[in-house]
Each structure stands twice: as C-alpha cells, then as structure tokens.
Amino acid sequence: RNELKAAIATGDDFNDVIKVSSQAMESFGLSTTKAGKPIRNARLMEERSRATLNKLAYAADATSTDFNSLGVGMSYVGATAHQAGFKLGETASAMGILSNNGLEADKAGTGLRKVIQSLITPTANGQKALAKVNLTTKDFLTKSGKLKSMSAIFGTLNKHMKGLSE
C-alpha cells in the first residue's frame, strides 16, 4: 500500500519503487535487527518501509532524480554509507544533489562511495590535499570518533575551499 502511494505521488514506476525501497532497506540495515536477523514484527517493518519510502520519495521529488536512478546510485554507495554511519535520508539527499549537478546515478553513487572511503581511510595524496586547506580527517569526526553528517562534512570542505581557484 505504501509503495503504491509512493509510486502515485512521485509518478515513478511501481516496480521501481518496490525494488529500490527494498534494496535501500537492505543496504541500510532496516530490514534486520541489530543482530542481523530478519525482522518478524509486521508493524515495525511497515514503519520502516514507510519511512524509507518517504525519504526516497522526498529525494526523488525535491531533486532531478527518480526512484530508479536513486536505486542505481544506492547500489554503489548504500552499504558503504551505512557502514560509515550515514543515514538513508542524507545519502538519498546527497544523491539527489549530485543529480541536480549533472552526475548520472552510477557516477554519483560511485563518486560518493569513493569520498566516504577516502574519509575513512585516506591515501597519502588525500591527506596532503586536505593539509593544503588546513584540514585532517579528524576534522570530519565527532568527539566519539564517528564520521560527522554529510552536510557537516561538505560544509567544512566548502568553508576551507572558498576562494581557491578551480
């Protein structure tokens, strides 16, 4: 029922909505318990499914992407984003913003995955590039050692890179 509402609301194909939402739930650990076992509680699955659909539909509606493209991009970045501690909503929003800037879904997902991996385990060149703008990877971590939100990370990068020539 929620999938049908999302398909109608976004104008996307019903099959795309079902496929993408279930893949996103898998990638972000929303269809399993913290122990990794499948969720058996129908009400909990319904709530998580509805929340997933709402986040994906919002990203699809507010940007130049659609459910199918979000699914393609999420197939490249979803699991990495989840492991890094990013939420589904902020990952979908980032995919939408990249789409608004002309990146196709596969390139956006691959690029976002590489950025996340570079923040987790930067190369020597990556560390040098950050040092040139007076940053280290520690600038992207919370006090507890987890990565900050994507918006905080990109805000920090933007602030430190203002005025640099292209």
Side-chain angles (χ1 to χ4, degrees), residues 1-121 137 140-157:
R1 190 175 90 188
N2 291 321
E3 289 84 355
L4 181 58
K5 287 180 182 178
I8 292 169
T10 62
D12 286 295
D13 183 75
F14 178 70
N15 292 321
D16 288 342
V17 170
I18 290 174
K19 182 176 85 177
V20 171
S21 61
S22 63
Q23 288 173 342
M25 288 182 69
E26 287 291 325
S27 292
F28 284 87
L30 299 171
S31 59
T32 57
T33 65
K34 288 183 181 180
K37 295 183 179 183
I39 293 176
R40 304 249 184 251
N41 182 317
R43 193 161 117 173
L44 179 59
M45 273 304 284
E46 163 112 16
E47 288 171 11
R48 288 186 178 185
S49 177
R50 186 178 329 109
T52 298
L53 287 162
N54 286 341
K55 289 170 185 162
L56 293 172
Y58 183 79
D61 280 348
T63 65
S64 64
T65 193
D66 57 25
F67 260 86
N68 189 45
S69 296
L70 276 174
V72 169
M74 287 290 188
S75 70
Y76 289 95
V77 71
T80 300
H82 173 61
Q83 289 171 352
F86 295 119
K87 303 289 184 205
L88 171 64
E90 69 181 324
T91 306
S93 295
M95 291 292 304
I97 291 167
L98 291 170
S99 173
N100 284 351
N101 286 286
L103 271 125
E104 294 175 14
D106 58 337
K107 290 180 179 71
T110 300
L112 193 53
R113 182 186 70 220
K114 287 181 180 181
V115 167
I116 293 168
Q117 290 171 332
S118 294
L119 290 172
I120 296 169
T121 54
T137 55
F140 306 115
L141 301 177
T142 63
K143 291 179 182 177
S144 63
K146 300 203 182 252
L147 281 175
K148 293 179 179 178
S149 71
M150 281 190 201
S151 59
I153 290 170
F154 287 116
T156 299
L157 286 169

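Small disclaimer: the values here were computed from a predicted structure and weren't measured.
- Checked by atom type, the side-chain pair Ser144/Thr142 shows a donor-acceptor distance below 3.5 Å.
- Other residues, nucleotides and ligands contribute at most 12 non-hydrogen atoms within 6.0 Å of the NZ atom of Lys107.
- Here the closest non-hydrogen pair linking Ser149 and Phe86 is C-CE2, 3.8 Å.
- Taking all atoms of both residues into account, the shortest heavy-atom contact from Ala7 to Phe14 is CB-CA, 3.9 Å.
- Residues Ile97 and Phe154 are not in side-chain contact: their nearest non-hydrogen atoms beyond the backbone lie 4.5 Å or more apart.
- Counting all heavy atoms, side chain and backbone alike, Met95 lies closest to Ala108 at CE-CB, 3.9 Å.
- Once rounded to the nearest 0.5 Å, the distance linking CG of Leu70 with OG1 of Thr65 reads 4.0 Å.
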| message | Show, in sequence, the C-alpha distance, side-chain angles and deciding distance for Thr33 and Arg40, and conclude whether the side chain to side chain contact (heavy atoms under 4.5 Å, CB included) test is met. | response | CA-CA 9 Å; Thr33 65; Arg40 304 249 184 251; over 6 Å; no
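- His82 NE2 to Glu26 CD: the interatomic distance, rounded to the nearest 0.5 Å, is 10.5 Å.
- Atom OG1 of Thr52 is separated from atom CD of Gln23 by 12.5 Å, given to the nearest 0.5 angstrom.
- The minimum heavy-atom distance between Gly85 and Glu90, with the atom names listed, is O-OE2, 4.5 Å.
- Of all heavy-atom pairs between Gln117 and Thr80, the closest is CG-CG2, 4.0 Å.
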> Yes or no on side chain to side chain contact (heavy atoms under 4.5 Å, CB included) for Thr137 and Thr121, after CA distance, side-chain angles and deciding distance?
Replying inline: CA-CA 9 Å; Thr137 55; Thr121 54; over 6 Å; no
Please evaluate residues Ser69 and Asp66 with respect to the criterion side chain to side chain contact (heavy atoms under 4.5 Å, CB included), reporting the C-alpha separation (whole Å), side-chain torsions for both, the decisive distance (0.1 Å), and the verdict. CA-CA 5 Å; Ser69 296; Asp66 57 25; 2.9 Å; yes
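- In this structure a side-chain-to-backbone donor-acceptor pair under 3.5 Å is present from Arg48 to Thr32.
- Distance check: Asn68 CG to Asp16 CG gives 4.0 Å after rounding to the nearest 0.5 Å.
- Considering all non-hydrogen atoms of both residues, Phe67 and Val20 come closest at O-CG2, 3.1 Å.
- Atom OG of residue Ser31 and atom NZ of residue Lys37 lie 15.0 Å apart, to the nearest 0.5 angstrom.
- The closest donor-acceptor contact from the side chain of Ser64 to the backbone of Ser99 lies under 3.5 Å.
- For the atom pair Ser93 OG and Lys55 NZ, the distance stands at 10.0 Å (nearest 0.5 Å).
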* **Evaluation steps, side chain to side chain contact (heavy atoms under 4.5 Å, CB included), between Met150 and Ile116** => CA-CA 9 Å; Met150 281 190 201; Ile116 293 168; 4.1 Å; yes
